[in-house]
Amino acid sequence: MGATGGISEMPQVTEGPGAADSEALATLHRVFGYEAFRGEQKAIIEHVVAGRDAVVLMPTGGGKSLCYQIPALVRPGAGVVISPLIALMQDQVDALRALGVRAGFINSTQDFDERRMVEAEFLAGELDLLYLAPERLRLEGTLDLLSRGKISVFAIDEAHCVSQWGHDFRPDYLTLSLLGERWPDVPRIALTATATHATHQEITQRLNLPAARHFVASFDRPNIQYRIVPKADPRKQLLAFLREEHAGDAGIVYCLSRNSVERTAEFLTANGIDAVPYHAGLDAGMRAAHQARFLREDGLVVVATIAFGMGIDKPDVRFVAHLDLPKSIEGYYQETGRAGRDGLPSTAWMAYGLNDVIQQRKLIQSGEGDEAFRRRATAHLDAMLALCETARCRRGQLLAYFGQDPDAAGCGNCDTCLTPPETWDGTIAAQKVLSAVVRLQRERGQKFGAVQIVDILLGKRTGKVIQFDHDQLSVFGIGQDLTEAEWRGVIRQLLAQGLLAVEGEYGTLVLTEASTTVLRGAREVPLRKEPKKPAASRSRSAGPSGGERKTKDAAAELPAELLPAFEALRAWRTEQAREQGVPPYIIFNDATLRGIVTLRPTSVRELATVSGVGEKKLATYGEGVLAVLAALDDPAPPAGDAPDADWPEPTEEPGPDDWI
């Protein structure tokens with residue numbers, strides 16, 4: 001989708017080419033090293049440079065930052081960026097300074113003198129961009145500072161945090177409408193990668209942006225392969241996935257609980273995967289250290305709760321894995337979007353099972369909040385379950401959820417497209433499950449969970465079955481046509497379709513209003529077939545039809561003869577980053593290194609034509625890059641052939657004077 005006049009009928013503003021346009025393009029090339037804008041960037045930047053407000057919905061990796069950074073550089077004054085995570089401001093500022101942009105931040109991690117220095121730079125007009133947390137705008141001192149300086153643009157990043165129905169709600173975002181009230185002549189741009197139609201409306205209303213132009217880019221991330229596998233032994237499944245497809249790659253693994261985070265990180269470490277935990281129960285110093293390692297090291301895996309990842313700019317995250325079911329598609333999309341920001345092939349992998357459904361249902365019923373909150377949480381979960389259980393293209397289901405039109409033919413890069421699942425008429429199986437629940441409740445006045453229901457259907461005389469005389473029920477043993485795993489799959493899908501519900505602390509199964517239509521035979525129940533065993537992770541080289549499949553590492557698709565140069569530049573980049581105390585991608589990202597080794601420049605002028613090499617980086621690193629490439633073209637002679645280190649090799653016979 002392109003730019004629209006708003007959510008409904010907000011006015012269009014069409015800008016013609018002019019000085020601002022050419023200055024923005026020149027800034028893009030000079031500072032960032034890119035030849036042209038992508039997608040809606042040009043229209044957004046022109047609009048904001050002209051002094052108008054904008055709401056921007058653009059996927060992670062789509063280039064949102066440029067949409068406010070370039071207006072801040074083109075317009076007079078400093079751009080003020082509202083960013084929700086102070087822990088990442090230093091890295092964001094470091095990345096900009098590496099480009100020659102005068103950037104700074106003010107937050108609670110600084111001492112008095114550091115804050116005063118940044119404030120003085122802002123007031124003196126010596127900053128292009130100033131980063132602030134939303135909490136600071138509650139302080140009168142911050143508002144007074146901003147009122148005394150020259151502001152070019154206000155950028156409200158992660159704007160979905162203003163939504164009280166969203167997955168990352170931040171109360172301090174509710175106060176940001178004051179920016180338009182106190183600085184009516186300064187353009188505001190609100191940006192997010194995660195927003196349904198309802199959240200989009202809420203952003204507009206709560207930030208008081210009634211006249212803003214709305215830009216909605218496609219939410220599609222074609223480089224990410226979405227895969228959901230049946231959960232069996234999730235840690236072992238994860239280990240196989242990492243070993244077979246992402247050995248040595250950086251990635252994030254999400255778990256629901258702190259305990260699961262700790263145990264998974266320990267398991268991976270014990271099995272040779274460099275992994276660290278991240279959750280709110282760790283002290284702040286350890287969290288900061290683990291986050292810094294993730295940003296600065298190649299190949300580290302972070303096992304985390306949802307507290308990790310917002311604002312992470314690391315472009316070479318090759319996979320995001322979930323060992324527990326996310327609460328909503330918004331959360332899932334944002335978390336998986338942290339993979340493949342550089343546009344290279346990446347994987348969103350999840351292990352999903354019956355217990356996930358039961359646990360999430362229980363959390364909603366037992367959690368805090370009123371009935372309206374429970375209804376909204378249930379709707380979010382239902383949409384997430386529909387994504388997991390769909391037999392159609394997963395990417396298409398994601399796009400449809402965000403109100404965008406999917407490709408009717410499928411994406412060709414998700415598990416349901418690559419290996420279409422089989423479906424079957426599960427009506428009779430559903431009736432058997434529902435009958436077992438009915439018999440327990442009506443004949444015995446009892447409620448049990450999925451394990452007991454499956455044992456009854458399979459005719460297992462377990463201790464619990466015998467204790468409660470459940471082997472005397474008429475439904476005992478009527479389900480021996482399916483395996484235990486298949487029955488668990490049936491129950492999981494009935495829960496997902498709302499034909500069963502979870503009740504109470506112990507997750508007992510109860511009927512819903514829709515259950516009776518199935519019991520009466522008035523409704524068919526199509527189900528996905530459960531695989532006989534957990535689907536093995538696809539290997540790096542085996543494609544869906546047996547052919548060669550794209551690898552997911554940074555060297556993917558590079559000819560073999562270019563790999564030595566690529567690895568040499570990565571090693572050089574790592575050394576530069578270590579010396580400067582910054583993440584390697586701040587020097588150059590992998591996509592830029594690929595461009596360099598493909599062109600193989602021999603001069604600074606040639607190097608300047610590579611995408612991602614701006615003036616500042618060319619001046620700072622150009623000679624170093626050329627030296628690395630030159631050393632590969634003209635390697636030093638082997639040690640055995642080198643002349644004697646102490647005695648220079650004679651060019652002619654020595655005379656008597658040469659021995660004096």
Side-chain angles (χ1 to χ4, degrees), residues 13 15 19-20 23-24 27 31 44-56 64-84 86 89 92-93 95-97 99-107 110 114-159 161-162 172-192 203-204 206-213 215 311:
V13 179
E15 309 292 344
E23 188 175 355
T27 302
V31 178
I44 296 167
I45 289 167
E46 286 179 0
H47 185 74
V48 177
V49 167
R52 299 178 176 91
D53 297 337
V55 175
V56 176
K64 290 190 301 297
S65 299
L66 287 177
C67 294
Y68 60 81
Q69 290 170 348
I70 289 182
L73 293 171
V74 172
R75 288 174 57 85
V80 175
V81 183
I82 313 302
S83 180
I86 63 174
M89 287 185 186
Q92 292 166 336
V93 167
L96 287 166
R97 287 176 176 169
L99 294 167
V101 176
R102 303 174 302 173
F105 63 86
I106 298 174
N107 63 38
Q110 297 165 306
E114 289 173 324
R115 284 199 300 274
R116 281 289 179 263
M117 182 179 71
V118 176
E119 291 172 359
E121 289 175 334
F122 170 72
L123 293 174
E126 296 172 357
L127 286 182
D128 299 311
L129 283 153
L130 174 64
Y131 283 77
L132 299 172
E135 293 82 358
R136 296 206 73 82
L137 292 174
R138 292 186 303 180
L139 304 176
E140 194 57 42
T142 302
L143 298 176
D144 178 65
L145 171 71
L146 296 181
S147 68
R148 292 187 289 131
K150 177 68 174 175
I151 301 172
S152 58
V153 60
F154 282 111
I156 303 168
D157 204 7
E158 308 290 357
C161 292
V162 78
D172 293 289
Y173 268 69
L174 296 176
T175 67
L176 296 182
S177 60
L178 67 83
L179 299 178
E181 297 164 6
R182 293 189 63 149
W183 291 274
D185 297 327
V186 177
R188 289 173 293 153
I189 176 171
L191 311 100
T192 182
I203 290 170
T204 307
R206 293 190 181 278
L207 295 180
N208 193 22
L209 290 163
R213 183 176 172 185
F215 299 85

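D128 places no side-chain N or O within donor-acceptor distance of the main-chain N or O of A103, the cut-off being under 3.5 Å. A donor-acceptor pair under 3.5 Å is formed between the side chain of D53 and the backbone N or O of R188. For the pair T204 (side chain) and L209 (backbone), a donor-acceptor distance under 3.5 Å is absent. For Q110 (side chain) and F105 (main-chain N/O), a donor-acceptor pair under 3.5 Å exists by modelled atom type.
With values rounded to the nearest 0.5 angstrom, I82 atom CD1 is found 10.5 Å from L207 atom CG. Taking OG1 of T142 as the reference point, atom CD of E140 lies at 9.0 Å (rounded to 0.5 Å). Note that the CD atom of Q69 and the CD atom of Q92 stand 9.0 Å from one another [nearest 0.5 Å]. Considering SG of C67 and CZ of F215, their distance stands at 8.5 Å, rounded to 0.5 Å. Note that OG of S177 is 10.0 Å distant from CZ of R206, once rounded to the nearest 0.5 Å. Atoms CG and OG, on L191 and S65 in that order, are 8.0 Å from each other to the nearest 0.5 Å.
Contact annotation: the side chain of D157 approaches that of Y68 to within less than 4.5 Å [non-hydrogen atoms, C-beta and beyond]. Between F122 and L146, the closest side-chain pair of non-hydrogen atoms falls below 4.5 Å. Side-chain contact check for Y173 versus I156: some heavy-atom pair is nearer than 4.5 Å. Put simply, the side chain of D172 does not reach to within 4.5 Å of the side chain of L137, judged on heavy atoms. The shortest distance between side-chain heavy atoms of V74 and I45 does not fall below 4.5 Å. Counting heavy atoms from C-beta outward, V186 and L179 have side chains that stay 4.5 Å or more apart. Residues L174 and V162 are in side-chain contact: their nearest non-hydrogen atoms beyond the backbone lie under 4.5 Å apart.
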Exercise for the section: Give the intermediate values and the outcome of side-chain contact (heavy atoms from CB on, under 4.5 Å) for residues L127 and V118. Expected result: CA-CA 8 Å; L127 286 182; V118 176; 4.0 Å; yes
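For F154, the ring-ring contact (aromatic ring centres under 6.0 Å, His included) test picks out W183, with sequence neighbours left out.
When all heavy atoms of P76 and S152 are compared, the pair lying nearest together is O-CB, 3.2 Å. In plain terms, the two heavy atoms of I86 and A133 that are nearest each other are CG2-CB, 3.6 Å. Contact record, K64 with T192: CD-O, 3.8 Å, taken as the closest heavy-atom pair. The minimum heavy-atom distance between R75 and P187, with the atom names listed, is NH2-CD, 3.4 Å. Minimum heavy-atom separation, I203 to A190: CG2-CB, 4.2 Å. Of all non-hydrogen atoms in P134 and P84, the two that sit nearest each other are CD-CA, 4.0 Å.
Ion pairing between a basic and an acidic side chain is recognised when a charged N comes within 4.0 Å of a carboxylate O; R213 and E46 show no such pairing.
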